[in-house]
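The structure appears right after this line, and notes come after that.
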Amino acid sequence: MGRSKTIIPLLWLSLVDAQINTPNLSWHAPRKTWINDLSEVINGTGTHGFIFNSSQLPPGTPYSAYNWCNMPHVRRQEYPKAMQGYTLEYVEVIHRHHKRTPYASNTFPKEGYVWDCSDEGLFYYGQPLNPSGNNSATAFWSVYTSNTNPFAPAGFNGTCQFPQITRGGLDDSFQHGKDLYGVYHDLLGFLPDDIGDKITYRVTNNVITSQVAGMLINGMYSPSETILLHIQPSSIDSLEPAYSCPAASSVYSSYGVGSTAANWTAHLTAAKPLFSSLDAISGVPVDSVDWHKSFDHYYDNLSARQCHAKLLPCNINDTSKCVTQDQADTVYRLGQYEYSFIYRDSPASLQAAVGSYGVFLAELASNIRSRISGQSPVIYRHNVAHDGSVSRLLSILQVEVMVWVGMGAEVVFEVYSKNRKRYMRILWGGQVLRSSSPVLGAVDMLDLDVFLAYVDGLVGEKAGKVVEFCAS
Ligand SMILES: *[C@@H]1O[C@H](CO)[C@@H](O)[C@H](O)[C@H]1NC(C)=O
Ligand SMILES: *[C@@H]1O[C@H](CO)[C@@H](O)[C@H](O)[C@H]1NC(C)=O
Ligand SMILES: *[C@@H]1O[C@H](CO)[C@@H](O)[C@H](O)[C@H]1NC(C)=O
Ligand SMILES: *[C@@H]1O[C@H](CO)[C@@H](O)[C@H](O)[C@H]1NC(C)=O
Ligand SMILES: *[C@@H]1O[C@H](CO)[C@@H](O)[C@H](O)[C@H]1NC(C)=O
Ligand SMILES: *[C@@H]1O[C@H](CO)[C@@H](O)[C@H](O)[C@H]1NC(C)=O
Ligand SMILES: *[C@@H]1O[C@H](CO)[C@@H](O)[C@H](O)[C@H]1NC(C)=O
Ligand SMILES: *[C@@H]1O[C@H](CO)[C@@H](O)[C@H](O)[C@H]1NC(C)=O
């Protein structure tokens, strides 16, 4: 008895040591579900409980359900409290912005109706920061088109910039902030009562993330003073990501969007009849490469409408020909399939994500290190980002089941300490993230050194391996 008690901890320690010294950095296949099963995606029906038509869940639906319009995040009702004895030391949150209008590139050549955003203002101005400077007026944008400007915009008429966060998306952002505060301040007493120097917020160069941040911060702190949003120069932004990594782009295009690889084109070929029906209704030219190299545009077009309780589109010449819910559901299944293929199913996805998002991971590791070494006062970092950010992050973490990350989709990194050791817990959609990598597994009080060894091993110190790969 006495022996096994000592042998097991020793064996355990040596396993942990091995994972720290030589972590397995290989790609591991995601779990098989309907999402990465082409016949289920093409020949199946419905959306397997995934929701696309409201920020609110239908009654009786568990909060953890996939809701494209408003993905689940950390909130008090479902928060899995850490076991006793673990002390929370550092939190870093990253999530996609909340729901928005479509991008102009995803609107049909001619839209049958207007999209109105006059129920909100996009505040944009510069103001001197030296205390004695004159103040700016709190000025906001109001979008209009004039009868004299002969160039009608492609897509919708109306009073929105495509894209912008919609009124509903602003409300969801506010609630997201309230929910996080409800856990990290009210429930855990981890966050201080004021933002001070312990909390920072970061946005990308795409203005929609700032639109979210303002509402979200007010949902958390309702601060009376002005709040600083960290942002990197647009050419090197690691959060968006926007830094240049030609090697990663060429890996992605070798197997994913734009490639002629048979296993990528298989779903596009199988979906030809669907493309034809959608083109006939929308007026999208059948030879438009952008609209047919993936389902991205149709997915964004249809889901943005449905999230805002707008009807599915009809042909502008014959309003009896409309996109059906079955067709929309098929587009939504295909979108999930594409994200899983691009970010997880392809064995090359890990290297492509490390190249294009490794800098953010290096920054995360550095943030953690500077906190636990006492060099930085920041205990909570909050990043508002995009689907391209969160997808690549999940790709690097090798999430077990990949989805197209919807509006507000969130990953939270929590660093704990116990008995002078530190641990990592990762929450995805508010629950413990499960990784296909044997190094990470269910990331629930993983030895922090193992997590850092995994990140360092992939991206290198100061993202050195990213630099090397990107230039290759
Ligand atoms: C990583 O783990 C997989 C199985 O999970 C194994 O096939 C592979 O050889 C391992 N790679 C290394 C470098 O140990
Ligand atoms: C879908 O069903 C049809 C008819 O049964 C079949 O020919 C086709 O191969 C199936 N598609 C996929 C991708 O499995
Ligand atoms: C949204 O879609 C679900 C099926 O996914 C349906 O049950 C529900 O009635 C729809 N809700 C609205 C508001 O249209
Ligand atoms: C989607 O495409 C249809 C057809 O052209 C267009 O009428 C609609 O405005 C687009 N909607 C969105 C949200 O992009
Ligand atoms: C916008 O509205 C004008 C006037 O109603 C119309 O002529 C034009 O076709 C519309 N543009 C689009 C892109 O629908
Ligand atoms: C404010 O503007 C006025 C008018 O230009 C100028 O005289 C004054 O110096 C400015 N005040 C400060 C503090 O910059
Ligand atoms: C509507 O009819 C016009 C004129 O025939 C045509 O040019 C246009 O392509 C049609 N649009 C759609 C979406 O069918
Ligand atoms: C696609 O095909 C390539 C080349 O045969 C293969 O290496 C890769 O694993 C396949 N990808 C997926 C996701 O099946």
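Both backbone and side-chain heavy atoms feed into the values below; hydrogens, waters and symmetry mates do not. Remember, it's a predicted structure, so these values are computed and weren't measured experimentally.
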Between Y339 and Y343, does a ring-ring contact (aromatic ring centres under 6.0 Å, His included) hold up when you go through it step by step?
-> CA-CA 6 Å; Y339 264 66; Y343 294 105; 5.3 Å; yes
ring-ring contact (aromatic ring centres under 6.0 Å, His included) evaluation trace for Y298 with W291 = CA-CA 7 Å; Y298 274 117; W291 282 79; 4.7 Å; yes
When you measure from the side chain of [X] to the backbone N and O of [Y], does any donor-acceptor pair fall under 3.5 Å?
X	Y	result
S303	Y299	yes
K32	N36	yes
D194	G196	no
Q336	V403	no
N367	E363	yes
S395	A353	no
N383	V93	yes
E400	R434	no
S146	N149	yes
Y357	L239	yes

Just checking, is any N or O donor in the side chain of [X] or [Y] under 3.5 Å from an acceptor N or O on the other one?
X	Y	answer
R392	S356	yes
S340	D345	yes
R344	S436	yes
S294	D296	no
H176	N70	no
D290	S288	no
R202	Q232	yes
E240	S389	no
Q398	Y454	yes
H267	E338	yes
H382	H95	yes

Kindly state each residue pair satisfying disulfide bond (SG atoms under 2.5 Å apart) with at least one member in residues 213-266, sequence neighbours excluded.
->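 Residue pairs with at least one partner in residues 213-266: C245-C470.
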Contact list for residues 332-374, test disulfide bond (SG atoms under 2.5 Å apart), sequence neighbours left out |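 Output for this query is empty, none listed.
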Side-chain donor/acceptor pairs under 3.5 Å, residues 166-173, sequence neighbours excluded:
{"residue": "T166", "atom": "OG1", "partner": "K99", "partner atom": "O", "Å": "3.4"}
{"residue": "T166", "atom": "OG1", "partner": "G169", "partner atom": "N", "Å": "3.3"}
{"residue": "T166", "atom": "OG1", "partner": "H308", "partner atom": "NE2", "Å": "2.6"}
{"residue": "D172", "atom": "OD2", "partner": "S55", "partner atom": "OG", "Å": "2.5"}
{"residue": "S173", "atom": "OG", "partner": "G169", "partner atom": "O", "Å": "2.7"}

Below 4.5 Å, heavy atoms only, C-beta onward: do V378 and K198 meet side chain to side chain?
->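 No, too far: nothing below the 4.5 Å cut-off.
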Are the side chains of L393 and L361 in touch, meaning some heavy atoms are under 4.5 Å apart?
->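 They are in side-chain contact.
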Considering the options E414, E89, E92, which one meets the salt bridge (charged side-chain N to carboxylate O under 4.0 Å, His left out) requirement together with R425?
->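 Per the salt bridge (charged side-chain N to carboxylate O under 4.0 Å, His left out) rule, the option paired with R425 is E414, out of E414, E89, E92.
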Candidate pair Y221 and Y181, rule ring-ring contact (aromatic ring centres under 6.0 Å, His included), full reasoning | CA-CA 8 Å; Y221 276 103; Y181 194 75; 5.0 Å; yes
State which residue, out of F174, Y184, Y380, fulfils the side chain to side chain contact (heavy atoms under 4.5 Å, CB included) condition with M220.
->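 Exactly one pass, corresponding to Y380.
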For the pair Y423 and L446, evaluate side chain to side chain contact (heavy atoms under 4.5 Å, CB included) and give the outcome as yes or no after the intermediate values.
-> CA-CA 5 Å; Y423 300 89; L446 175 70; over 6 Å; no
Full working for side chain to side chain donor-acceptor pair (under 3.5 Å) between H292 and D279 = CA-CA 10 Å; H292 301 104; D279 294 346; 2.7 Å; yes
Yes or no on side chain to side chain contact (heavy atoms under 4.5 Å, CB included) for T159 and W115, after CA distance, side-chain angles and deciding distance?
-> CA-CA 7 Å; T159 56; W115 194 314; over 6 Å; no
N-O pairing of R100 and D300 below 4.0 Å |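 Salt bridge between R100 and D300, a charged N being under 4.0 Å from a carboxylate O: yes.
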Is any NZ, NE, NH1 or NH2 atom of the basic residue among R333 and D37 found under 4.0 Å from an Asp or Glu carboxylate oxygen of the other?
->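 No, R333 and D37 are not salt-bridged.
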Give a yes/no verdict on a cation-pi contact between K293 and W264, requiring under 6.0 Å between NZ or CZ and the six-membered ring centre and an angle within 45° of the axis.
->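 Negative - K293 is either too far from the ring of W264 or too far off its axis.
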Go through the steps for F140 and F123 under the test ring-ring contact (aromatic ring centres under 6.0 Å, His included), then give the verdict.
-> CA-CA 4 Å; F140 66 92; F123 287 77; 5.0 Å; yes
After noting the C-alpha distance and the side-chain angles of Q164 and E120, does the key distance pass the side chain to side chain donor-acceptor pair (under 3.5 Å) rule?
-> CA-CA 10 Å; Q164 77 173 69; E120 66 181 274; 3.2 Å; yes
Derivation and outcome, side chain to side chain contact (heavy atoms under 4.5 Å, CB included), residues H98 and V212 | CA-CA 7 Å; H98 279 277; V212 167; 4.2 Å; yes
Candidate pair N206 and T204, rule side chain to side chain donor-acceptor pair (under 3.5 Å), full reasoning = CA-CA 5 Å; N206 184 327; T204 73; 5.6 Å; no
Verify side chain to side chain donor-acceptor pair (under 3.5 Å) between R381 and Y201, making sure each step is shown before the conclusion.
-> CA-CA 6 Å; R381 270 192 186 76; Y201 296 93; over 6 Å; no
Which class fits the ring pair F413 and F451: parallel under 30°, tilted 30 to 60°, perpendicular over 60°?
->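 Aromatic pair F413/F451 classed tilted.
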Neighbour count above 12 (heavy atom, 6.0 Å) for E225 CD |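 Yes, the 6.0 Å shell around CD holds more than 12 heavy atoms from other groups.
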Taking Y332 as the fixed residue, which of W404, F52, F50, Y66 is the one that meets the ring-ring contact (aromatic ring centres under 6.0 Å, His included) rule?
->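 Going through W404, F52, F50, Y66 one by one, the ring-ring contact (aromatic ring centres under 6.0 Å, His included) with Y332 is satisfied by F52 alone.
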